[in-house]
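Quick note on labels: first sequence line is chain A, next is B, and so on, each numbered from 1.
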Amino acid sequence: MEIQAHIYRYHPEKDEQGQVKSYSVKMEPGMSVLELLHQVHAKHDGTLAYRYSCRGAICGTCAVKINDVAGLACKTQVADVVVDGAIKLEPLTHLGVVKDLVVDQRPFWDAVKATMPWLNREKDIADEKMTYEDKLNKHQLDQLSRSSDCIKCASCYSDCPKVDEMPEFIGPAISVQVYKQMFDPRDTALNTRIEYANAECGVFACDKHATCVKVCPKDCRPLRAITFIQNKIKEQQAV
Amino acid sequence: MELFKYDVLVIGAGGAGLRAAIAAKEEGASVAIISKSPPGKAHTVMAEGGIAAALGNLDSADNWEVHFRDTLKGGKFLNDWRMVKLHTQDAPVRVLELEQWGAGFDHTPDGKILQRPFGGHSYRRLCHKGDKTGLVMLQTLQKKAIASEIDFHSECLITHLVVEDGSVAGAFGFYKDDGRCVVFQAKAVVLATGGLGEIWQVNSNSYDCTGDGYALAYAVGAAFIDMEFVQFHPTGMVWPMGVRGMLVTEAVRGEGGILKNKHGERFMEKYDPERMELSTRDIVSKAIYSEIKNGNGSEHGGVYLDISHKSVDEVKQKLPAMYEQFMDLADIDITKHTMEVGPTCHYMMGGIKVDPATEQSTVDGLFAAGEVVAGAHGATRLGGNSLSDLLVFGNRAGVTAADFARLDSRTHRLNRDKIKQYEAELVAYFDSPGTVNPYVLHHDLQRTMQENVGIVRNEAGLKLAQIELDRLKLRLQHVKVQGNRKFNPAWHKAVALKFMLNLAELITRAAIERTESRGAHTRDDYPVMVDEWGKKHIVITNVHGEPHITTSPVEPMPNELKKLITG
């Protein structure tokens with residue numbers, strides 16, 4: 001079956017503005033959106049810019065907007081998203097476009113770095129028990145595991161409605177990162193982490209649209225992380 | 001042209017590269033990591049089952065000596081015993097250190113790191129976080145590297161190593177975003193670029209595994225060994241097409257998964273009745289290959305792997321990534337249905353020859369670690385040994401590269417003309433009058449290698465591949481890339497194609513030379529393992545642009561270590 005792929009094209013040095021171009025692609029059984037992009041690139045237009053790496057939904061490189069919703073191209077089956085014989089592919093929002101479907105991820109990574117995303121310990125003791133499972137309740141532990149599943153694809157950041165109105169909002173993925181460090185019982189920098197999360201554009205700025213929960217390809221449940229962080233901050237402030 | 005100066009330049013930001021950079025930084029060197037993918041996306045994230053380290057947390061009889069024996073047995077004694085010794089001795093401390101940096105492995109009830117059984121390992125030895133071990137490991141190293149204030153040059157593709165007066169003086173490449181060229185001047189370079197699975201049609205590697213490091217080192221005259229040993233993992237997905245080859249972790253079998261053919265027979269009984277599904281990878285791969293070839297295969301040309309006899313909770317807890325992978329990518333619930341799997345090109349045992357103690361290649365100032373290096377795994381690799389290899393040798397390469405840089409008093413003068421020449425080579429793809437599409441050429445390379453230099457080889461097929469590769473090389477000269485330098489994946493592919501075509505030739509040449517079957521190298525015209533071949537490596541170097549083939553003896557093991565083998 002032939003389908004129409006409507007793909008956003010933009011070359012900042014050449015084009016005044018982006019435009020959608022349409023390509024006719026033969027939809028094969030089991031075809032992913034990433035394969036569709038390969039087809040367009042190989043057969044229709046070798047200048048198409050897009051990112052990809054693992055093809056197995058574990059690296060988070062190929063996130064794009066598929067019919068207005070951010071998601072991983074490799075994980076999305078074309079058959080599941082084709083509407084009236086067509087599919088629309090655009091770059092993620094909230095990050096500047098480098099070219100076509102490629103966005104500038106540096107601000108996102110700068111934000112990750114700002115969270116101090118490493119285990120902060122006052123001392124390293126080689127034979128110390130490194131277990132944490134017994135120090136968290138079931139829900140916190142589940143969220144900790146989900147937080148380490150985050151592949152930094154930036155889908156949630158792209159689709160977060162709060163970032164539209166408050167571009168400085170730390171956003172869901174960064175909150176997940178904060179959760180991972182804040183709820184690791186082995187970490188000793190709780191106060192610094194609270195200070196970071198409690199800033200003006202921090203977790204309390206969240207309007208709980210829950211879009212992040214819907215778009216996350218790894219089911220990391222960012223809103224739940226945000227809620228847990230909020231509760232922890234309130235708890236600490238009450239002490 | 002932009003110019004950066006560092007003591008140590010690490011090329012590759014996977015497990016080995018990150019670990020090397022962290023080590024070099026700790027030694028006081030100024031360090032940069034170059035990666036062609038965005039941060040945190042290296043192929044290491046795809047490793048699933050675990051890190052092999054003889055911590056003995058579950059089986060107290062386990063220690064480095066047993067791990068040493070298992071690894072050499074697995075490698076059919078072609079491994080460099082000195083590397084195996086360092087690997088198995090250092091692995092536990094490297095894993096514990098990773099845990100100290102916040103990895104968060106699965107634990108036993110008394111707080112030790114949990115370990116699981118794996119093919120070829122005598123004891124429960126693989127430390128893991130579910131079946132997402134590589135992801136957790138890479139994230140931990142990535143964050144540690146950020147914390148160490150190491151410079152990252154991401155989405156930067158290195159195309160040439162710069163050599164002055166016989167020693168490495170840096171690297172040349174370009175940034176993907178706008179295609180601007182860049183020169184890195186460095187006293188020492190560590191290659192940690194990973195594998196080359198993209199040379200085959202069915203592979204478990206990420207798209208980035210195009211063998212860049214091998215090709216860069218080959219171009220500057222480094223020696224290579226064991227290039228004929230390419231591991232085909234027994235279980236990759238076979239359907240749908242887009243994920244064909246994607247790894248199905250050995251942990252599925254480690255946790256009790258059973259292999260069956262289309263008649264429902266548990267066929268491993270015929271091939272290795274003792275170890276069954278947990279036999280070494282080469283034996284399981286060949287067993288599956290034979291079943292498929294004999295018409296006992298599954299619907300999409302694989303065999304069946306079944307874990308559905310285990311409870312739903314157990315499968316989801318022990319194999320969460322596999323559950324998700326099949327659910328998301330193939331719409332199959334593995335707690336209820338069988339998986340379809342088949343062999344997939346997975347790992348390169350051969351590669352750059354290094355000094356085991358320093359990880360320096362035969363080129364002065366050029367160090368290497370991880371998959372790009374040969375020696376640690378011999379004729380085939382045990383599961384879980386690559387992740388510990390990355391940590392152990394990444395660390396060692398980082399330390400020695402920093403030492404080298406500190407003692408280095410040479411003042412390199414970069415040859416501007418050569419740099420200009422490198423840039424001209426790159427731009428030539430755009431101005432080419434040719435019409436060859438890099439996609440098509442890559443596809444043809446993959447098909448050639450899949451058909452003729454796959455799991456089972458013979459002279460006729462290998463010679464055919466040679467002829468075909470010569471033709472492909474001619475076509476490479478007519479590759480045309482559309483558009484300009486600005487983020488252009490076709491251009492990136494053209495660069496990688498040149499790398500891969502060179503390597504395909506080395507692999508094919510080495511496979512022709514080794515007239516026996518050993519580990520991952522199987523010849524149906526020479527089906528038996530020959531003692532004489534167990535005593536030598538095939539060595540390849542670049543002499544005036546042509547592969548020059550010799551052999552070198554396998555280093556004899558001291559008696560005290562020989563005793564460990566016989567027990």
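With a 4.5 angstrom heavy-atom cutoff, A:E28 does not touch chain B via any of its atoms. Of the two parts of B:W239, only the side chain, counted from C-beta on, holds a non-hydrogen atom closer than 4.5 Å to a non-hydrogen atom of chain A. Proximity to chain B (any heavy atom under 4.5 Å) is restricted, for A:V102, to the side chain, taken from C-beta onward. For chain A, no part of B:E97 is nearby; none of its heavy atoms comes within less than 4.5 Å. Heavy-atom distances place both the backbone and the side chain of A:D149 under 4.5 Å from chain B. Within the 4.5 angstrom heavy-atom criterion, only side-chain atoms of B:Y439, from C-beta onward, approach chain A. With a 4.5 Å cut-off on non-hydrogen atoms, B:K112 does not touch chain A at all. Using a 4.5 Å cut-off between heavy atoms, B:D106 contacts chain A through its backbone alone, with no side-chain atom that close. Interface remark: B:K41 contributes backbone and side-chain atoms alike to the contact with chain A (heavy atom separation under 4.5 Å). Only the side chain of B:N437 comes within less than 4.5 Å of a heavy atom in chain A; its backbone stays farther off. Within the 4.5 angstrom heavy-atom criterion, only side-chain atoms of B:L135, from C-beta onward, approach chain A. B:S154 does not touch chain A: none of its heavy atoms, backbone or side chain, sits under 4.5 Å away.
Under the side-chain contact (heavy atoms from CB on, under 4.5 Å) criterion, B:E99 pairs with A:M130, A:R186, B:A103, B:F105, B:H107, B:I113, not counting sequence neighbours.
Side-chain atoms of B:Q139 come within 3.5 Å of backbone N or O of A:C150 as a donor-acceptor pair. Between the side chain of A:K99 and the backbone N or O of B:K486 there is at least one donor-acceptor pair closer than 3.5 Å. Within the 3.5 Å criterion, the main-chain N or O of B:R244 finds a donor-acceptor partner in the side chain of A:R55.
With contacts defined as side-chain heavy-atom distances shorter than 4.5 Å, the pair A:S53/B:Y207 does not qualify. Residues B:K143 and A:Q177 form a side-chain contact, since some pair of their non-hydrogen atoms from C-beta on lies under 4.5 Å apart. Counting heavy atoms from C-beta on, the side chains of A:K75 and B:E324 never come closer than 4.5 Å. For the pair A:C54/B:M246, no side-chain contact is recorded, criterion being any heavy-atom separation below 4.5 Å from C-beta on. For the pair A:H11/B:N484, a side-chain contact is recorded, criterion being any heavy-atom separation below 4.5 Å from C-beta on. Proximity of B:P38 to A:T61: side-chain heavy atoms (C-beta onward) are separated by under 4.5 Å at one or more points.
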Between B:D178 and A:E13, does a side-chain contact (heavy atoms from CB on, under 4.5 Å) hold up when you go through it step by step? CA-CA 10 Å; B:D178 58 3; A:E13 283 80 20; over 6 Å; no
Does the side-chain contact (heavy atoms from CB on, under 4.5 Å) test come out yes or no for A:R121 and B:W101, once each step is laid out? CA-CA 9 Å; A:R121 293 167 63 78; B:W101 293 346; over 6 Å; no
Assess whether salt bridge (Lys or Arg N to Asp or Glu O under 4.0 Å) is satisfied between A:K113 and B:E149, documenting all intermediate values. CA-CA 10 Å; A:K113 185 175 176 181; B:E149 298 287 339; 3.8 Å; yes
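Along residues 32-44 of chain A, the residues that come nearer than 4.5 angstrom to chain B, judged on non-hydrogen atoms, are A:L34, A:E35, A:H38, A:H41, A:A42 in order of number.
Ranked by non-hydrogen atom pairs under 4.5 Å with chain B, the options A:A49, A:P12, A:G46 are led by A:A49.
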